[in-house]
Amino acid sequence: QVQLQESGGGLVEAGGSLRLSCVASGRTDSSYAMTWFRQFPGKEREFVAGISLRDNSTYIRDAVKGRFTLSRENTKNTVFLQMNSLKPEDTAVYYCNWRPVDSPWWKENFGSWGQGTQVTVSS
């Protein structure tokens with residue numbers, strides 16, 4: 001069983017930056033991917049970014065391309081979501097997710113989830 005721990009959320013002014021971290025522990029292997037989703041009130045969680053543990057390939061949602069960057073610490077199952085030029089509409093709970101690498105990364109109903117970390121961007 002994989003355990004996920006997110007950190008790094010907080011309150012930031014528009015235009016500011018945050019770096020979210022997710023550490024996966026337990027029975028991990030390279031046939032999986034680590035992804036970030038975010039959830040707005042009353043909405044389904046939506047895909048933000050993901051990285052393959054097989055080859056480090058990444059996919060980033062169009063709405064945040066150019067502002068968000070996903071990276072990985074290669075010696076550990078740890079990923080970072082660098083969030084720059086934050087906007088109020090980025091305000092959400094951000095979740096780390098562990099799933100098979102060949103699953104559809106943009107869909108919510110796969111894998112395991114962390115507890116989430118709140119990101120709030122003020123105007």
Side-chain angles (χ1 to χ4, degrees):
Q1 294 182 336
V2 175
Q3 305 293 322
L4 302 172
Q5 180 65 57
E6 305 104 326
S7 62
L11 175 65
V12 65
E13 293 185 349
S17 298
L18 288 171
R19 189 178 77 158
L20 306 184
S21 300
C22 178
V23 179
S25 60
R27 299 171 62 183
T28 62
D29 63 57
S30 62
S31 66
Y32 288 80
M34 294 177 68
T35 68
W36 288 96
F37 282 66
R38 63 186 181 184
Q39 186 172 35
F40 308 111
K43 301 290 187 179
E44 297 287 324
R45 284 182 287 203
E46 68 175 29
F47 175 79
V48 177
I51 186 167
S52 168
L53 302 186
R54 178 186 296 163
D55 60 10
N56 288 332
S57 61
T58 60
Y59 300 90
I60 300 177
R61 189 180 189 89
D62 286 345
V64 301
K65 283 182 178 178
R67 299 189 297 118
F68 292 9
T69 303
L70 191 64
S71 62
R72 179 189 178 193
E73 182 177 329
N74 290 330
T75 59
K76 296 181 178 180
N77 287 326
T78 303
V79 297
F80 305 95
L81 184 65
Q82 180 66 45
M83 307 164 65
N84 297 327
S85 301
L86 284 163
K87 304 175 181 179
E89 52 263 43
D90 295 317
T91 296
V93 178
Y94 285 71
Y95 294 89
C96 185
N97 167 264
W98 171 272
R99 63 176 58 202
V101 69
D102 294 325
S103 67
W105 291 12
W106 60 93
K107 292 186 176 181
E108 179 184 18
N109 59 330
F110 290 89
S112 300
W113 299 90
Q115 81 286 349
T117 185
Q118 176 71 49
V119 171
T120 302
V121 184
S122 63
S123 301

**Student:** Nearest 0.5 angstrom please: R99 CZ to E108 CD, how far?
**Tutor:** 8.5 Å
**Student:** Nearest heavy-atom pair of F110 and W113: which atoms, and what distance?
**Tutor:** O-NE1, 3.9 Å
**Student:** Can you tell me which residue pairs pass the salt bridge (Lys or Arg N to Asp or Glu O under 4.0 Å) test with a partner in residues 109-123, sequence neighbours excluded?
**Tutor:** none
**Student:** Taking atom OG1 of T117 and atom CD of Q5, what is their separation to the nearest 0.5 Å?
**Tutor:** 9.0 Å
**Student:** Work out which heavy atom in R54 is nearest to a heavy atom in S31; give both atom names and the distance.
**Tutor:** NH2-CA, 4.4 Å
**Student:** Rounded to the nearest 0.5 Å, what's the gap from CD on E89 to OG on S123? Could you check?
**Tutor:** 8.5 Å
**Student:** Roughly how far, to the nearest 0.5 Å, is the CZ atom of R19 from the OG atom of S7?
**Tutor:** 8.5 Å
**Student:** Less than 4.0 angstrom from a charged side-chain N to a carboxylate O is my criterion; do D90 and K87 meet it?
**Tutor:** no
**Student:** Would you name the heavy atoms of S57 and W105 that are closest together and state the gap between them?
**Tutor:** O-CH2, 4.0 Å
**Student:** Hey, what do you get for CG (L11) to OG1 (T120), rounding to the nearest 0.5 Å?
**Tutor:** 6.0 Å
**Student:** Aromatic ring centroids of W106 and Y59 under 6.0 Å?
**Tutor:** no
**Student:** Indicate yes or no for a side-chain donor-acceptor contact from Q115 to the backbone of E6 under 3.5 Å, with no hydrogens or angles considered.
**Tutor:** yes
**Student:** Who else is in the cluster with L86 when I, L, V, M, F, W and Y are joined by side-chain contacts under 4.5 Å?
**Tutor:** V2, L4, V12, L18, L20, Y32, M34, W36, V48, I51, L53, I60, V64, F68, L70, V79, L81, M83, Y94, W98, V119, V121
**Student:** Does the pair N109 and E44 meet the rule for a side chain to side chain contact (heavy atoms under 4.5 Å, CB included), with working shown?
**Tutor:** CA-CA 10 Å; N109 59 330; E44 297 287 324; over 6 Å; no
**Student:** Where do V101 and S52 come nearest, in terms of heavy atoms and distance?
**Tutor:** CG2-OG, 3.3 Å
